[in-house]
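Read the numbers this way: they start at 1 and go in the same order the structure lists the ligands and their atoms. Keep in mind the model is a prediction, meaning the values are calculated, not measured.
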Amino acid sequence: MMYSGRNLMIDYDLHCHSNISDGTLTPSELVDRAAGRGVKVMALTDHDDVDGLDEARAAAARHGMTFINGVEISVSWRSHTLHIVGLGIAPDYPPLVDGLRTVRSGRGERARKMADELAKAGIGGVLQGAYQFAENPNMISRTHFARYLVEAGHCKDVKSVFNRYLVKGKPGYVPHQWAILADAIGWIRGSGGVAVLAHPGRYMVGRNGMGKKTMHELLTEFVELGGQAIEVVTGSHTPEQYAEFARYAEEFNLLTSCGSDFHGPGESYRDMGRLPDFPLGCRPVWQALLLQ
Ligand code: AMP
Ligand code: MN
Ligand code: MN
Ligand code: MN
């Protein structure tokens, strides 16, 4: 299937972050920004935390936008870290609440280890520095480390900090065990949500990335476990990747999702706002969501 986008923009943004996880805007500021940039239907999908949803929903109502409860769950699968977005979840579903608490609970210790490793590499004071950037200390993340290291003058931007210090093989990278795939999908589905494989193109990048065979195995397992959708249009995909993952969606009979994955002004691949339409033949995830 050739990429045959219809040159239309869609006003759904179903993936973004507030300062409840590693975004820089409050949930209300994020929704205001989305509304101002033409978004009509949005989901807030903070990493491993649903605490921003009430505030975001109230802000969306003031703008007359449709709001969808979301979350982005960190998962370890084989040697890879995956992100599974849940859309249309019930944020008070006890297994989801407990599961997310467990996922978050490892972050403090990982942060300490990361700071120790960076100290060995000659960069001190990072733990305290990173926490200054974390509005929600339970959700301390590599992004907060990156922002601090930029402020402290070690790199010119967040992206360079990741490349130099925070990815596999670099001095500040600490392997971590996140949720297992079956649990993440189970919590989402159990709460009435749709499970979406987030930004699949990112899992195939670089030396540690998965090849096509492994992507097929992942999608086979994802579907068997109850996964229903895949992100096709996301801030980190090229138009060629829209086409590539539209083909995977067709092959695995998955709905397709779209979102900016916005984290903050000046820091993300893509701002909140309208997104390029899907390639022809995709079945948008809102066919399932808006029926709920
Ligand atoms: P964590 O959950 O603490 O491992 O942090 C993961 C977050 O770091 C992602 O959600 C992204 O926001 C950010 N991130 C991961 N890799 C990169 C990268 N190469 N460049 C910039 N940000 C990244
Ligand atoms: Mn993030
Ligand atoms: Mn992600
Ligand atoms: Mn994200």
Side-chain angles (χ1 to χ4, degrees), residues 13-25 30 43-49 52 70-77 80-87 100 102-115 117-118 126-127 130-131 133-150 155-170 172-179 181 184 195-209 230-231 233-237 257-270 272:
D13 192 333
L14 303 181
H15 186 151
C16 61
H17 298 272
S18 76
N19 65 0
I20 293 295
S21 63
D22 60 350
T24 56
L25 304 181
L30 186 69
L44 173 64
T45 56
D46 274 312
H47 298 286
D48 306 325
D49 203 320
V71 67
E72 181 175 19
I73 305 180
S74 312
V75 163
S76 298
W77 183 79
H80 304 275
T81 297
L82 308 177
H83 286 170
I84 307 298
V85 161
L87 296 175
L100 293 179
T102 305
V103 178
R104 287 192 302 269
S105 69
R107 284 184 174 271
E109 195 189 329
R110 180 183 70 144
R112 278 191 297 281
K113 286 187 194 155
M114 284 171 60
E117 293 302 314
L118 287 166
V126 182
L127 190 62
Y131 271 104
F133 283 83
E135 224 72 45
N136 172 6
N138 298 325
M139 266 308 302
I140 184 80
S141 96
R142 283 186 291 163
T143 313
H144 303 118
F145 278 73
R147 290 188 186 129
Y148 170 71
L149 289 170
V150 171
C155 286
K156 67 174 188 332
D157 57 22
V158 162
K159 185 102 222 146
S160 327
V161 182
F162 271 89
N163 293 338
R164 217 160 120 196
Y165 295 112
L166 301 181
V167 296
K168 228 178 249 180
K170 302 295 169 166
Y173 181 79
V174 172
H176 191 72
Q177 190 59 48
W178 302 107
L181 185 59
V196 186
L197 182 67
H199 43 63
R202 292 212 346 224
Y203 312 136
M204 302 180 84
V205 174
R207 205 157 31 93
N208 298 305
I230 185 169
E231 284 184 349
V233 175
T234 154
S236 55
H237 280 180
S257 191
C258 61
S260 57
D261 206 359
F262 178 71
H263 283 71
E267 229 183 65
S268 291
Y269 296 102
R270 205 178 173 104
M272 298 288 305

Of Arg202, Met139, Arg107, the one whose closest heavy atom lies nearest atom 2 (O) of ligand 1 is Arg107

Run the side chain to side chain contact (heavy atoms under 4.5 Å, CB included) check on Phe145 and Val161 step by step: do they pass?
CA-CA 9 Å; Phe145 278 73; Val161 182; over 6 Å; no

Apply salt bridge (charged side-chain N to carboxylate O under 4.0 Å, His left out) to residues Asp261 and Arg202 and explain how you reach the verdict.
CA-CA 12 Å; Asp261 206 359; Arg202 292 212 346 224; 3.6 Å; yes

As a test of reading the structure, name the N/O/S atom of Glu72 that is nearest the Mn ion (ligand 3).
OE2

His199, His263, His47, Glu267: member with heavy atom nearest to atom 12 (O) of ligand 1
His263

Tell me, which protein residue and heavy-atom name are nearest atom 3 (O) of ligand 1, and how many Å apart are they?
Arg110 NH2, 2.4 Å

Examine all N, O or S atoms of His199, backbone included, and report whether one is under 2.8 Å from the Mn ion (ligand 3).
yes

Within ligand 1, which atoms have a heavy atom of Ser141 less than 4.0 Å away?
3 (O)

Gap between atom OG of Ser260 and atom OH of Tyr269 - 0.5 Å precision:
12.5 Å

What's the atom name of the N, O or S in His83 nearest to the Mn ion (ligand 3)?
ND1

Angular separation of His263 NE2 and His47 NE2 about the Mn ion (ligand 2), given to 10°:
120°

Let me know which of Leu197, Asn208, Thr81 forms a side-chain contact (heavy atoms from CB on, under 4.5 Å) with Tyr203.
Leu197

Students should be able to answer this: which protein heavy-atom is nearest to atom 21 (C) of ligand 1, and at what distance?
Phe162 CD1, 3.4 Å

What is the ring orientation for His263 with His47, classed by angle as parallel under 30°, tilted 30 to 60°, or perpendicular over 60°?
tilted

Ligand 1 versus Thr81, non-hydrogen atoms closer than 4.0 Å: side chain, backbone, both, neither?
neither

Measure the spacing between CG of Leu44 and NE2 of His15 and express it to the nearest 0.5 Å.
10.0 Å

Any idea which heavy atoms bring Ser76 and Gln177 closest together, and the distance?
CB-NE2, 3.4 Å

Is there any N or O on Asn163 that sits under 3.5 Å from an N or O of ligand 1?
no

Side chains of Asp22 and Met139: closer than 4.5 Å at any heavy-atom pair?
no

For atom 6 (C) of ligand 1, which of the options His144, Lys159, Arg142 provides the nearest non-hydrogen atom?
Arg142

Determine which of the N, O or S atoms in Asp22 is closest to the Mn ion (ligand 2) and give its atom name.
OD2

Using modelled atom types only, decide if a donor and an acceptor are shared between the side chain of Arg142 and the backbone of Gly172 within a distance under 3.5 Å.
no

Quick check on contacts: which atoms of ligand 1 are under 4.0 angstrom from a heavy atom of Thr143?
7 (C), 8 (O), 12 (O), 13 (C)

